[in-house]
Amino acid sequence: MRVDVVSIFPDYLAPLRLSLVGKAIETGLIDLAVHDLRDWTHDRHRTVDDTPYGGGAGMVMRPEPWGEALDDLVPAGTDARLLIMTPSGRPFDQRLAAELAAEPRVIIACGRYEGIDARVAEHAATRMRVDEVSIGDYVLNGGEAAALVIIEAFARLIPGVIGNPESLAEESHSADHDQLLEYPVYTKPAAWRGLEVPEVLLSGHHGRITAWRHERAVELTRRRRPELLPDAERTDELEVRPAV
Ligand SMILES: Nc1ccccc1-c1cnco1
């Protein structure tokens, strides 16, 4: 898979060269290229923004550099998916991560300031698939942090990136874990600062352990993310529980 990221702060994407994604790049599973948007400017000051039409505070990213960058990175006839990072985008989730992991080419546009001129997405959509994507309901200074999150989330789903694919199976939000949050996990020592590992986990009884883990996952999901509960697990009674 080829991933291109365009940003005015390309060094912000340096962490992608580390750890899991870095290994995938080294092994050729992912071909990553990070570009400086200013390389597509032509004035002495390498200007990428201007004042907003209609007035208002802040600056808007000019369409020309983005248009030229996308012309270069996505030649006519290329099958590519453009992700524009924006707080007003569709919520990023595991389903989208799985979709992206199957794409041959992904280009990620990291906007800054008050955003990117809306015509960039409009024009790009005439020749590639475009998604405006948010990683959550909070405000960042730019799309770079969102790009790091999204790339990590889909890169780890690419076959061969994670050593043991079984570890993907029981993760929170993974499709085959029916959307429950992950159960609490423990390791040695069995007692730590007066806190004991739940007895069932030391029992060696796999059936009981599986049942206990499912119960804890349901309990946690009901308490923290009731909207994720599968219908079969929903209960109407009001449960008053400590907020943990
Ligand atoms: N706040 C932002 C500012 C600029 C580009 C993306 C974002 C963003 C993406 N997901 C949440 O916020």
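Both ligands and their constituent atoms are indexed starting at 1 by order of listing.
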Checklist entry - Are Glu227 and Arg225 close enough for a salt bridge, meaning some N to O gap below 4.0 Å? => result yes
Checklist entry - Is Glu219 salt-bridged to Arg223, going by a charged N under 4.0 Å from an acidic O? => result yes
Checklist entry - Should you measure from each heavy atom of Val139, which atoms of ligand 1 turn up under 4.0 Å away? => result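 Answer, ordered by atom number: 1 (N).
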Checklist entry - What protein heavy atom sits nearest atom 8 (C) of ligand 1, and how far off is it? => result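 Minimum-distance protein heavy atom for atom 8 (C) of ligand 1 reads Pro87 N, 3.6 Å.
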Checklist entry - For atom 11 (C) of ligand 1, what's the nearest protein heavy atom and its distance? => result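 So the nearest neighbour among protein heavy atoms is Gly136 O, 3.4 Å.
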Item to check | Pairwise distance CD(Glu103) to CZ(Arg129) - rounded to 0.5 angstrom | outcome: 4.0 Å
Checklist entry - Between Thr86 and ligand 1, which residue portion shows a heavy-atom distance shorter than 4.0 Å: side chain, backbone, both, or neither? => result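 Under 4.0 Å from ligand 1, Thr86 contributes backbone atoms alone.
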Checklist entry - For ligand 1, is there an N or O atom under 3.5 Å from any N or O atom of Ile135? => result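 Indeed, backbone or side chain, Ile135 has an N or O that close.
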Next on the checklist: Is there a polar contact between ligand 1 and Leu140, counting only N or O atoms under 3.5 Å apart?
Outcome noted: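 Such a contact does occur with ligand 1.
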Checklist entry - Going through the distances and angles, do Glu99 and Arg95 end up as a salt bridge (Lys or Arg N to Asp or Glu O under 4.0 Å)? => result CA-CA 6 Å; Glu99 275 182 39; Arg95 182 193 307 270; over 6 Å; no
Checklist outcome for this item: Smallest heavy-atom separation, Ala121 atom then Ile84 atom, equals CB-CD1, 3.6 Å
Next on the checklist: By the salt bridge (Lys or Arg N to Asp or Glu O under 4.0 Å) test, which pairs, at least two apart or in different chains, include something from residues 61-71?
Outcome noted: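 As it turns out, the salt bridge (Lys or Arg N to Asp or Glu O under 4.0 Å) pairs with a partner in residues 61-71, which skip direct neighbours, are Arg62-Glu64, Asp71-Arg127.
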Checklist entry - Does Tyr138 reach ligand 1, in the sense of a heavy atom lying below 4.0 Å from it? => result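 Yes.
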